[in-house]
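In what follows, a structure is listed as structure tokens, so that the remarks can point back to it.
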Amino acid sequence: MQEKELRILSRGGQGAVTAAHILVEAAVAANLYAQAVPSFGQERQGAPVYTFARISQEPVESHTYVYEPDIVVVFDPFLMELGIDPLQGIKDHATLVINDKKLPEQLRGKFAKTGIVDAWGITHELIGNVPPNAAMLGAIAKTTGLIQIEHITQAIMNVLGERIAKVNAKCAQVAYERTVVSET
Amino acid sequence: MADLVSKGLTTCEGCGMELIARSILDVLGQNTIMLTPPSCSAILTGFGSETGWKVPAFQSNLENIAAYCSGISVALEHQNKTDINVVALAGDGGTVDIGLQALSGAVERGHKFIYVCYDNEAYMNTGIQRSGSTPVGAWTTTTPGGKKEPKKNIVEMLLAQGIPYVATASVGYIDDFKKKVAKAREIDGPAYIHTFSPCPPGWRAKPRDTIKIAKLAVDTNLFPLFEAIDGEVRVTRKVRKVASIKEYLELQGRFRNIRDEEVESLATDAENYYNKLLESEAK
Amino acid sequence: MGKRVAISGNHSIAEGVRLAKVDVVAAYPITPQTPMVEKVADFINQGRLDAKYIAVESEHSALTAVVGASVMGTRVFTASAGAGLALMHEIVGVASGNRLPIVMGIANRSLPSPWSLQADHSDSMAERDLGWIQLYAASCQEALDYTLLAYRIAEEVRLPVMVCIDGFFLTHTTEAVDLPDQADVDQFLPAFERGDIYLDPDDPMTINQLNSEATFTELKYRHNEALNSVVDLFPHVAKEFEERFGRKHSLCTAVGCEGADVVVVTLGSSSGTARKVAGQMRADGQKIGTLQVSCFRPFPKQEVIDHLKHAKAVAVVDRSWALGTDGPLAQEVKSAFYSAGLNVPVYNFVGGLGGRDLSEATVKRVIGKALELKEQEEQALYPIWIDVKEEAK
Amino acid sequence: MKHKAGIYAVTITDTKTGAWRLNRPVVSEKCTACGICAKFCPPQIIKIEDRAIIDYEYCKGCGICDSVCPFKAIAMVEEEA
């Protein structure tokens, strides 16, 4: 596997930084190398947040943001109304994972592979009004196939506090099952 | 006399600080680590390969002596060495001005150490510049017309912080000082002794009058002697007959140009503060 | 055998501190160093590290307190960044002048002003000549490994060490890190022994006192000799480290330098980025090398000369604003070249300031510009600000 | 030569400060050996036996002993040049 670069688009409070960290934890469990790079700004609740990740079979050398992602993860489709463009810089044959009920019009046909998941719906159903990050991790596992869902759920158990780990792991599992993946 | 300091020190004639330094080790003995900032007390810490201390000693920076004490005290605690005293000997400048932050922090954290401030009411080592501890009306090279502002009361600041032991002392009542050092050693936490210490060259006073002036400061109520254990104030020397402030001032050339209203304010403040101490003692 | 974990650079240094069995920690939090000292405090609280944590009231007191604890014969740690390190400045010289084996984690952050929370090396570069060993890590793994190397070397030569990691790009970046076993670390790093100076009533001495011109030069000379000796010591310690932990570390790491048209010289987190870019360019048939300088103080002049002498041009990237002259890394490279009589053109590029990403595209621009200058046989007397926006000009 | 690493001092400085003295305290037979002078002497160089004994090797001649003596048993006498 060549190094895969991810760009995660979210808003402050949606747990993308934690999700990226869990993703690295899961990759390590899968005997891969990985990296999660937060970008730093005035991270107010609700403000757009960029988080980056890399997954590879070799130690990751680059320590920069991701400008040409293989995989774009959208935690919140409302970001597009704020002028954030999920298409920016994407590589050919890129993959999209998006939290939505259906693929937004403007993203149709732009990605080689898409995974659609109602992360909010699943999260509300299983936990309540909390960040959709665990569900998004399940969707990333399903859509990209880079990391097995077992590694994701185990990483959630390792990283999150005991009180909330189990239900979040469940959330990731359900999202994994419900993510609709299509390839063009 | 424990003889833990060299006899031949190049302090000035009639130096109050020298008596304080020797008295500390007289009480605490050999198991003591001394710290001095760059100041007159650094004369004891020495020069090149020579030192005045026969106990371990460390030369701190001017503003951080209490932070060095913090690190040393915590390291001793970690090594389970509970019988070693850590003592800072700093002047009023290194204490109430530039050293205040480190002192306040170390006191708040509750490290076990003894902080002795020798208060000679100005920056003497650099040649008599005003400090926060210089009293109203005193001449210094940076207050050529006399200081306008009253002396900063560091002891009340530390009391407000809840320090377990705080005391004032004077070289004029050296036995009282030694008793307070002995008490400070028994405190399981920070102990602070603010010690009145005449500086003959800086005060334009005769070296022979060091003890006389230091007694008068107490007897005029300008520098009342008290201690507070866990905030409980006790005046350790009750002044039955208040001595003449005029006599006190006349022994010191630094007050030569003090104005009458300044003498008045010194006297009023002294009386009020002494009475306040007696009141808090009564509570 | 150790295990692989997913941890940040801050966390990696904290793990190094735990494995080194540090006795006393004093620190004041500052972005982006905060999680580093929080993690150490957490280790102590959990009982995983038997140490005392002094939550001091300032950075100045943080370094002061560990100087105090170090002369008492304990292994110590502190950490800072940016303005906090600047506040420590006075004590930085005290720590090294007294030859104390203090290790300090630096989460590199730009000095004010303007205020910035983010990475560049202006903070640690401002301390570079005060006689500390300075190591700059390029990854979270190096952050951990350098911390262990730091204690070992510090205690052999009796000098303090700064382990520098770029703010956010390393401090807050999570990576796969191989965590050694305690038993192996114990073999590599023996129990702390006090040095020649200490405060002990059974053997009293006075420390850090005033000196005159009669002795000052000699004390500084010996300090300098000790610092320079690290150039010889480091490879031996690194070899032992490699035998025990299987990871290789050097004063500086060269890839593809021999006969390269351009070698990119870097410090810190951009080193891996440069290696990746150069690797891709080599795969496309271009002769581009990289040199990561890990040990900036002492500066390994001979090693740098040996790696770069057969290059056709050298592009030094300084993530630091040394205003008015070359960046500090370029100054070193040029100085080494001149001493060795090398006539290889050295171009200095300043970039990645105040948290600006030193991206792969920026590295490509550096290489492109260096090739262009070499081609045209042009000189560049002052640094080229490679990522400055046009609007500023 | 192997040098110690660090800045340290172990030699006890011992300046013969008696040479500074302009006025010499002289103890008379009025001395009762009460010890008050010894208590306040900054360099602590007065020994009390049957009377106060001053170590002139170190005495700077500050006159504190004279000033605190309740029995006027000490006289300050100008040193001869």
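Within every chain, numbering begins at 1; the chains are lettered A, B, ... in the order of the sequence lines, protein sequences first and strands thereafter.
Checked by atom type, the side-chain pair C:D284/C:Q280 shows no donor-acceptor distance below 3.5 Å. Under the 3.5 Å distance criterion, with hydrogens and angles disregarded, no donor-acceptor pair is assigned to the side chains of C:D387 and C:T362. C:W115 and C:S110 form no side-chain donor-acceptor contact under 3.5 Å, judged by distance and modelled atom types alone. Side chain to side chain, C:Q292 and C:S294 meet the donor-acceptor criterion of an N or O pair below 3.5 Å. Side-chain atoms of C:D318 and C:S320 include no donor-acceptor pair closer than 3.5 Å. In this structure, a donor-acceptor pair under 3.5 Å is present between the side chains of C:Y136 and C:Q134.
If you measure heavy-atom distances from C:V363 to chain A, you find no contacts under 4.5 Å at all. When heavy atoms are compared at a cutoff of 4.5 Å, C:A274 does not approach chain A at all. Only the side chain of C:R275 comes within less than 4.5 Å of a heavy atom in chain A; its backbone stays farther off. Of the atoms belonging to C:S139, heavy atoms from both backbone and side chain fall under 4.5 Å from chain A.
Heavy atoms of other residues, nucleotides or ligands lying less than 6.0 angstrom from NZ of A:K91 number more than 12. Counting heavy-atom neighbours within 6.0 Å of A:K113 NZ, excluding the residue itself, gives a total above 12. Crowding of C:Q46 atom CD: a count of heavy atoms from other residues, nucleotides or ligands under 6.0 Å exceeding 12. Residue A:H93 places its NE2 atom among 12 or fewer non-hydrogen atoms of other residues, nucleotides or ligands, all under 6.0 Å distant. More than 12 heavy-atom neighbours from other residues, nucleotides or ligands sit within 6.0 angstrom of CD on C:E243.
At a heavy-atom separation below 4.5 angstrom, chain C is approached by no residue within residues 145-171 of chain A. Listed by sequence position, A:V60, A:E61, A:S62, A:H63, A:T64, A:Y65, A:Y67 are the residues of residues 60-78 of chain A in contact with chain C, using a 4.5 angstrom heavy-atom cutoff. Of residues 21-29 of chain A, those residues with a non-hydrogen atom less than 4.5 Å from any non-hydrogen atom of chain C are, in numerical order, A:H21, A:V24, A:E25, A:V28.
Side-chain atoms of A:T143 do not come within 3.5 Å of backbone N or O of A:I140 as any donor-acceptor pair. Using a distance-only test at 3.5 Å, with no hydrogens or angles considered, a donor-acceptor pair links the side chain of C:Q33 to the main chain of C:I30. The backbone N or O of A:Q57 sits nowhere less than 3.5 Å from a side-chain atom of A:E3 that would complete a donor-acceptor pair.
Counting heavy-atom pairs closer than 4.5 Å to chain A, the top residue among C:P32, C:G355, C:S270, C:A138 is C:A138. The candidate with the highest count of non-hydrogen atom pairs below 4.5 Å against chain A, out of C:S8, C:C140, C:S359, C:G167, is C:S359.
Scored by the side-chain contact (heavy atoms from CB on, under 4.5 Å) test, C:E258 finds C:H310 as partners (sequence neighbours excluded).
A cation-pi arrangement is not found for C:R48 relative to C:F43, the charged atom failing to lie both closer than 6.0 Å to the ring centre and inside a 45° cone about the ring normal.
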